[in-house]
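Throughout, a chain's letter reflects where its sequence line sits, starting with A, and its residues are numbered from 1.
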Amino acid sequence: MTDLTLDQAGKTKSALVSTSTLQKGVAFVVLIALLVFFSVFTENFAAWNNVVNIMQATAVNGVLGVAVTFVIISGGIDLAVGTMMTLTAVMAGIILTNLGMPLPLGILGAMASGAVMGAISGTAVAKLKIPPFIATLGMMQIARGLALVFSGTRPIYFNDTPNYGLISPESSLALLIPGLEIPNGVMIMFIVAIIASIILNRTLFGRYIFALGSNEEAARLSGVNVDFWKILTYALSGLICGIAGLIISSRLNSAQPALGLGYELDAIAAVVIGGTSLSGGRGTILGTIIGAFIMSVLTNGLRIMGVQEEWKIVVTGVIIIVAVFVDIMLRRRA
Amino acid sequence: MHNTSDTVPLISVEAIHKSFPGVKALVNARFDLRPGEVHALMGENGAGKSTLMKIMTGIYQPDAGEIHVGGQKVSLSDPRTAQALGISIIHQELFLMNHLTAAQNIYIGREPRKGFGMFVDEARMRADTAALFARMKVDLDPDVEVGTLTVARQQLVEIAKALSFNSRILIMDEPTSAINDKEVEHLFAIINDLKAHGVGIIYITHKMDEVKRIADRVTVMRDGQYIDTLPAVTTDMSKIISLMVGRELADATRATGQGGDVVLDVKNLNSGRAIRDVSFSLRKGEILGFAGLMGAGRTEVARAIFGADPIDSGEISIHGVTQAIRSPQDAVRLGLAYLSEDRKHYGLVTSMTVGDNVTMASWPRFTRSRFFMNDARMREAANDYVQKLRIKTPSVDQETRLLSGGNQQKIVISKWLLRDCDILIFDEPTRGIDIGAKAEIYKLLQSLADQGKAIIVISSELPEVLRLSHRILVMCEGRITGELMGRDATQESIMILATQR
């Protein structure tokens, strides 16, 4: 209440701001350091072809990372993003190839089916009070099983939809600016990230996501319809998985029903490396995108250096633990 | 037992001082316990009873003072040392592991071993536990999972655990707060048995009748100080209460009542054991005080009205219309606001800014097309309240957790005023707030009432209830035990109602 308290408060505040910027900063510095390291110590890393490869490899994990970032900031977790992605790809395949409907309907179908699956997870969490870990673990298996059932366990090819490649591997940007061949899938990731960032930071929905993750009970006692916003968060996560499903199936020119398991862990890893707190209430989309890039740069760079495939997995694991450790150290100092 | 002169006390503490940042918790406190006696320790909430017990069990270290156990000067540097000296405490909240058996709970961390210390000697543990229960004359199975027992029986397990340490000094913190009359009888029988074996018992309670029945002596504490020690049986109850309460209120600005229309009417509210047939009404412009001891059910009533917890039965009318309030969302829509004593958990999102918190209950109003946040308008509205309520913050962009308790409380109040709530329920409005800021919060509440808000104040601090309330309801064990007009009420009259079983 005194001026002294005020002074102290002011000081703590400035320390805090620099800390939260640092979190993102750390991930960014690590990314730059990796880029410099691999550029210097390998010949082909910085070649444009390879850069495109890296971006291409980041797109799916980046989009899934964005999906799960929303849920994690809201104080939950979504383990179903990988297999929901697969299921939405299968849905697109059924609509486009099996039913022969036009491309926009396929896109819509993939995103809508993702949103519905997400809403179901969200309802299980909000209304049935099932812990998010369990509810989405269940949804992970449900989506995986449904993808196999609907596809008859066989890949669905998009040969009848000639424009399907427009979604990911082709580059519309190269038509505008010759030479800048950034695949559309990568552009979609950036667009998704920008829109997600706006939703998270500029909208009522985003503000509720932070409030839920920081103190759900206080939000509830403030008269916030906590259940509704929670369900919406999971639904949004599912919808974004639908976008990831379109990107991956476009790149493979097929919906591969057996794919998907394990993608959720890579996505969560990207989120965590990007400085988003697994306990909720704190995090950024930019951090997640940086985190996704760190993972793909690492994989790509080590491959070029001739490091055995299995060791790359080990290194990724180490990076996750180190990133979280740095995060904890920074917060303890705050 | 009462030939006191030549008995060495089991434990005696003298001239104990203990300060926490900003608070003198104990000033020159003292206490002694003789073999085979029950010594009751009484005092209002915050009188320093628990701090003193924490010092006697090695949880806190005194700033100054001496502790003697069995005539020897000791230093209780940690709970383990206290336990080794035969001091045990049965907390009000029991500390048992629900999924373990009674025997496993009693010998946790010091299980008898066999097979070169590699295996737990379950048979011996079970036999030892059975022997303890036999000594206490209780019929309990050592193998029963503790979580399946009633609170009263869990308490017996805790007592057995204390005895297993060969404790001669047993501290019981409000042992009857969660058990029924029959179970109380059983507990008292065990206490009498322990007494006969020379165990000394420090008995913390708020209940006068229990003191009369079970205690030999009573020590009263107030504001962290030792007041007096008296024989329990021959001392008048009102004498003890007046010692607990102490000085008359040195405050002239007592509230005077006025009556507008009834805005909130509660009829026959029930919820389990916590709320029993509670009925009352609240008028526009009125401050209604809810007094009572901790656990009397006041917070439960507030949360039930607010839709935060489900009710078994009862009728709630707001502005004369019966309403079904199923969630806080419903309550807020009807103009109700609940300000919890635990602001950090239930009132604020402390990691968000002052502006976010002030506007939180009204966020949808600060949007463009109900989608994009209009942060400029939000900041403006928050700034308005920062000035009106004189919230001390560098800016509305400051994180809430960095502000003092008083300013945090003002933020919560702002939140509800901005939401146009006209029925405000304050639960311990000045808990954790320093004295200077308290007066400011009091003034704020009074001016809100003058502006026509209807206010409920739940408070364990009697001077606070007396100073603020136009009318006072006293609760005990889930029931309303009396109603007093603010100007007639005294601390004594409230305490008598609050300890009525």
Side-chain angles (χ1 to χ4, degrees), chain A residues 1-17 19-20 73-75 126-127 195 197-230 232 236 276-277 279-283 331 334, chain B residues 303 306-308 327-333 336-340 342-352 356-357 359-364 366-368 370-375 378 392-395 397-399 401-407 412 415-416 419 421 433-437 440:
Chain A
M1 292 308 293
T2 60
D3 288 334
L4 184 75
T5 326
L6 257 176
D7 270 318
Q8 284 167 343
K11 256 182 241 157
T12 331
K13 153 108 179 162
S14 56
L16 182 96
V17 167
T19 310
S20 64
I73 293 178
S74 82
K127 294 291 185 191
I195 294 173
S197 214
I198 291 171
I199 290 177
L200 201 54
N201 298 309
R202 295 264 170 269
T203 69
L204 182 64
F205 181 24
R207 206 61 56 99
Y208 280 135
I209 289 175
F210 277 107
L212 285 185
S214 309
N215 191 342
E216 182 180 327
E217 194 55 18
R220 188 171 85 97
L221 291 176
S222 293
V224 174
N225 191 343
V226 166
D227 291 354
F228 171 79
W229 295 107
K230 234 189 231 178
L232 204 60
L236 177 66
T276 291
S277 161
S279 47
R282 204 167 52 88
R331 271 203 291 168
Chain B
R303 287 180 57 95
F306 192 63
S327 68
Q329 215 188 326
D330 292 342
V332 171
R333 204 180 299 124
L336 249 70
Y338 171 64
L339 294 90
S340 165
D342 191 347
R343 290 180 286 278
K344 288 195 175 87
H345 284 113
Y346 302 119
L348 295 164
V349 179
T350 51
S351 61
M352 297 183 97
D356 279 329
N357 275 286
T359 53
M360 175 175 282
S362 324
W363 278 348
F366 294 94
T367 51
R368 277 183 285 262
R370 293 209 121 231
F371 188 71
F372 288 105
M373 292 303 282
N374 189 338
D375 278 304
M378 232 172 71
K392 284 184 191 139
T393 173
S395 85
D397 299 322
Q398 177 81 320
E399 267 191 63
R401 66 188 176 91
L402 303 172
L403 301 187
S404 70
N407 284 306
V412 183
K415 172 171 81 180
W416 295 118
R419 187 65 175 72
C421 288
I433 292 176
D434 59 46
I435 292 175
E440 220 179 327

- [ ] For A:Asn215 and B:Leu348, indicate whether the former's side chain and the latter's backbone hold a donor-acceptor pair under 3.5 Å.
- [x] yes
Open item on the list: What verdict does the side-chain contact (heavy atoms from CB on, under 4.5 Å) test give for B:Phe306 and A:Leu221, after you've listed the backbone C-alpha separation in whole Å, the side-chain angles of each residue and the deciding distance to 0.1 Å?
Closed with: CA-CA 9 Å; B:Phe306 192 63; A:Leu221 291 176; 3.8 Å; yes
TODO: Check the pair A:Arg202, B:Arg368 against side-chain contact (heavy atoms from CB on, under 4.5 Å), reporting the backbone distance first and the verdict last.
DONE: CA-CA 10 Å; A:Arg202 295 264 170 269; B:Arg368 277 183 285 262; over 6 Å; no
Open item on the list: Please classify the contact between B:Phe366 and chain A as side chain, backbone, both or neither, with a heavy-atom cut-off of under 4.5 Å.
Closed with: neither
Task: Taking every non-hydrogen atom, the tightest pair across B:Val332 and A:Gly223 - done: CG2-CA, 3.7 Å
Task: Minimum heavy-atom distance A:Ser222-B:Trp416, with the two atoms named - done: CA-CH2, 3.5 Å
- [ ] State, with a plain yes or no, whether a side-chain heavy atom of B:Met352 is found less than 4.5 Å away from one of A:Arg207.
- [x] yes
TODO: Working to the nearest 0.5 Å, report the span between CZ of B:Phe372 and CG of A:Asn201.
DONE: 11.5 Å
Open item on the list: With chain A as the partner, which of B:Ser351, B:Gly307, B:Pro364 has the greatest number of non-hydrogen pairs under 4.5 Å?
Closed with: B:Pro364
- [ ] Examine whether an atom of B:Asp375 lies under 4.5 Å from a heavy atom of chain A, and if so say whether it belongs to the side chain, the backbone or both; otherwise answer neither.
- [x] side chain
Task: chain B interface, residue from A:Leu204, A:Ile198, A:Val226, A:Val224 that has the most non-hydrogen pairs under 4.5 Å - done: A:Leu204
TODO: Measure distances from B:Asp356 to the heavy atoms of chain A and classify the residue's part below 4.5 Å as side chain, backbone, both or neither.
DONE: side chain
Task: Which atoms of B:Arg370 approach chain A - backbone, side chain, both or neither, heavy atom under 4.5 Å - done: backbone
Open item on the list: Rounded at 0.5 Å granularity, tell me how far OH in A:Tyr208 sits from CE in B:Met373.
Closed with: 7.5 Å
Open item on the list: Quick check for you: among B:His345, B:Met360, B:Arg343, B:Lys344, which has the greatest number of heavy-atom pairs under 4.5 Å with chain A?
Closed with: B:His345
Open item on the list: If I compare all heavy atoms of A:Arg220 with all of B:Ala308, which pair ends up nearest, and what's the gap?
Closed with: NH2-O, 3.1 Å
Open item on the list: Would you compute the distance between atom CG of A:Asn225 and atom CG of B:Asp330 and round it to the nearest 0.5 angstrom?
Closed with: 9.5 Å
Open item on the list: Can you give me the closest heavy-atom contact between B:Val349 and A:Ala218, atom names plus distance?
Closed with: CG2-CB, 4.3 Å
